[in-house]
Amino acid sequence: MTTLSKKERVEAALAGDRVDRVPVSAWRHFIPDELQVDRLAETSLNFFFQYDWDWLKVNPRATYYAEAWGNTYDFQDYAHVYPKWLDGPVHTPEDLNKIGVVSGSSGVFDEQLQLIRKIKAGIGEALFVQTVFSPLSVLAFLIARPARHSADDLLNSQYAGLRFYMRENPQGVHAALQAISVTLADYASHLVEAGASGLFFAITKLARKDVMTVEEFETFGKPYDLQVLKAVQEAPFNLLHICGEEVYFKQAADYPVHAINWATIGQKNPDLKQAGLISPKALIGGVDELGVLLNGSPDEVRHEAQQVIKSSGGRHLLLAPGCGVNMQTP
């Protein structure tokens with residue numbers, strides 16, 4: 001078969017057509033480069049070309065959406081990928097009325113649009129996607145009040161906070177989510193205009209068992225996700241990332257995206273074969289970022305990848321980790 005370009009290879013995989021080889025990519029945080037547009041653009045492009053990825057997932061700092069609504073952080077003090085939370089506008093369920101629509105092309109959003117333009121100028125014809133958190137994920141950051149500065153405390157504070165706010169002020173939660181959705185839809189459309197191929201639309205460890213019920217996800221999550229995705233429905237490469245263990249894969253399988261990315265190994269989720277029976281979309285995954293990629297040898301990583309390609313037939317597959325690569329990965 002004729003060798004395909006990176007763009008052609010990804011497009012063929014997304015369509016379920018034959019490829020010369022399965023397209024491959026991975027992504028990770030770059031701290032402290034994520035604090036400056038020029039440095040993150042340069043680092044992202046270097047990462048793309050150094051490892052010869054077929055497509056690029058842009059990895060901005062995890063807090064930039066919450067910053068858009070007024071959260072402040074100490075960027076000299078990180079726990080994993082999270083800077084230390086200092087303050088924000090939402091302290092009680094009544095404070096949800098402070099979350100209104102903001103411009104999707106100013107402030108931190110303008111900063112990210114500058115980043116996208118710089119990456120577009122340097123990446124050539126290859127496809128690349130910008131990370132956009134789901135509205136519920138953004139709200140979780142805004143209401144989290146971690147007792148200690150640790151990744152676990154932040155996530156637990158998000159889960160507990162969402163459950164409390166949904167119970168105490170459901171109307172306020174809906175109003176805040178609507179404002180966030182309108183803003184993110186505006187921002188998403190600007191991203192595509194700036195050169196992004198689409199969105200890496202991330203539901204950050206929320207749409208899963210023991211965090212919220214299926215009914216809560218269907219009520220407070222999915223409708224607002226669909227509003228954002230509608231704004232970029234003409235983009236060539238939108239993918240859904242549904243993060244964590246025991247995710248609600250079936251409930252998200254019909255999202256209007258080209259592909260779905262999730263942890264296929266070791267996290268009580270559908271594997272690639274099972275997912276293929278649920279969704280007709282292209283599937284992105286197959287390599288365990290918490291297992292063999294972090295702790296295994298190159299030969300073990302290669303073996304895991306080859307087994308995935310063999311079992312899937314190599315069609316409708318983009319080989320990748322199930323989430324961001326740990327910064328300590330060799």
Side-chain angles (χ1 to χ4, degrees), residues 62 65-66 68-69 71 88-102 104 131-145 154-188 199-233 238-257 260-263 267-270 275 278-279 281 323:
Y65 294 102
W69 276 274
N71 269 23
V90 181
H91 293 270
T92 70
E94 291 71 30
D95 288 335
L96 288 169
N97 61 13
K98 298 178 182 178
I99 307 302
V101 175
V102 300
T131 306
V132 172
F133 285 174
S134 73
L136 195 60
S137 300
V138 175
L139 184 60
F141 271 90
L142 286 168
I143 65 180
R145 296 293 177 266
L154 173 64
L155 293 174
N156 289 332
S157 177
Q158 289 182 354
Y159 307 154
L162 278 176
R163 287 191 289 263
F164 176 69
Y165 278 58
M166 288 188 295
R167 182 177 68 247
E168 296 296 317
N169 188 3
Q171 290 183 332
V173 170
H174 280 298
L177 289 171
Q178 179 62 23
I180 294 169
S181 300
V182 170
T183 301
L184 294 184
D186 180 39
Y187 171 56
L199 307 186
F200 182 97
F201 188 79
I203 306 174
T204 58
K205 296 185 183 256
L206 297 176
R208 60 195 186 102
K209 186 179 177 182
D210 297 331
V211 173
M212 63 176 55
T213 65
V214 170
E215 181 180 5
E216 287 169 337
F217 170 63
E218 296 276 7
T219 300
F220 294 99
K222 190 170 184 175
Y224 301 101
D225 296 347
L226 298 180
Q227 286 188 44
V228 180
L229 290 169
K230 184 178 180 180
V232 291
Q233 59 187 346
N238 292 314
L239 69 99
L240 170 68
H241 172 68
I242 182 165
C243 189
E245 293 187 3
E246 298 186 270
V247 297
Y248 294 143
F249 188 93
K250 290 182 180 179
Q251 286 70 31
D254 63 349
Y255 273 44
V257 294
I260 304 176
N261 170 243
W262 78 107
Q267 297 193 41
K268 303 177 184 178
N269 292 325
I278 299 170
S279 172
K281 296 177 174 62
C323 197

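Just so you know, these numbers use all the heavy atoms, side chains as well, and skip hydrogens, waters and symmetry mates.
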D210 side chain near Y159 side chain, heavy-atom distance below 4.5 Å: no
Minimum side-chain heavy-atom gap N261-F200 below 4.5 Å: yes
Within-4.5 Å side-chain heavy-atom neighbours: F133 and L184: no
Closest contact, heavy atoms only, Q227 versus S181: OE1-CB, 3.8 Å
Passing option when T219 is tested against E215, E216, K222 for side chain to side chain contact (heavy atoms under 4.5 Å, CB included): E215
Separation of Q158 CD from K205 NZ (nearest 0.5 Å): 10.5 Å
Side chain to side chain contact (heavy atoms under 4.5 Å, CB included) between Y224 and I180, intermediate numbers included: CA-CA 9 Å; Y224 301 101; I180 294 169; over 6 Å; no
Sidechain-backbone polar pair: S134 side chain, D225 backbone, donor-acceptor under 3.5 Å: no
CD (Q171) with more than 12 external heavy atoms under 6.0 Å: no
Those residues that, when tested against N169, pass side-chain hydrogen bond (donor to acceptor under 3.5 Å, both in side chains) (two or more places apart): none
Side-chain (D95) to main-chain (T92) donor-acceptor, under 3.5 angstrom: yes
L96 versus G172, closest heavy-atom pair with distance: CD1-C, 3.6 Å
Reported CD-to-CZ distance for the pair E245 and R208, which is rounded to 0.5 angstrom: 6.5 Å
Closest approach of V101 to T183 (non-hydrogen atoms, all atoms of both residues): CA-OG1, 3.5 Å
Any donor-acceptor pair under 3.5 Å from N269 side chain to W262 backbone: no
Shortest non-hydrogen separation from C323 to H241 and the atoms involved: SG-NE2, 3.6 Å
Y65/L142 under side chain to side chain contact (heavy atoms under 4.5 Å, CB included): CA gap, chis, key distance, verdict: CA-CA 9 Å; Y65 294 102; L142 286 168; over 6 Å; no
Minimum heavy-atom distance between P135 and V228, given as atom pair plus value: CG-CG2, 3.9 Å
Backbone of A231 reached by a side-chain donor or acceptor of D186 within 3.5 Å: no
Main-chain N/O of V211 paired to R163 side chain as donor or acceptor, under 3.5 Å: yes
S157 side, atom OG; I143 side, atom CD1 - distance, nearest 0.5 Å: 8.0 Å
Minimum heavy-atom distance between N71 and G88, given as atom pair plus value: OD1-CA, 3.3 Å
Reported CZ-to-CD1 distance for the pair F249 and I278, which is rounded to 0.5 angstrom: 5.5 Å
Counterpart residues, salt bridge (charged side-chain N to carboxylate O under 4.0 Å, His left out), relative to K281 (two or more places apart): none
Candidate pair Y187 and L199, rule side chain to side chain contact (heavy atoms under 4.5 Å, CB included), full reasoning: CA-CA 11 Å; Y187 171 56; L199 307 186; over 6 Å; no
Residue pair F220, L139: steps toward the side chain to side chain contact (heavy atoms under 4.5 Å, CB included) verdict: CA-CA 11 Å; F220 294 99; L139 184 60; over 6 Å; no
Pairwise side-chain contact, L240 with I203, heavy-atom cut-off 4.5 Å (strictly under): yes
N238: side-chain hydrogen bond (donor to acceptor under 3.5 Å, both in side chains) partners, not counting sequence neighbours: none
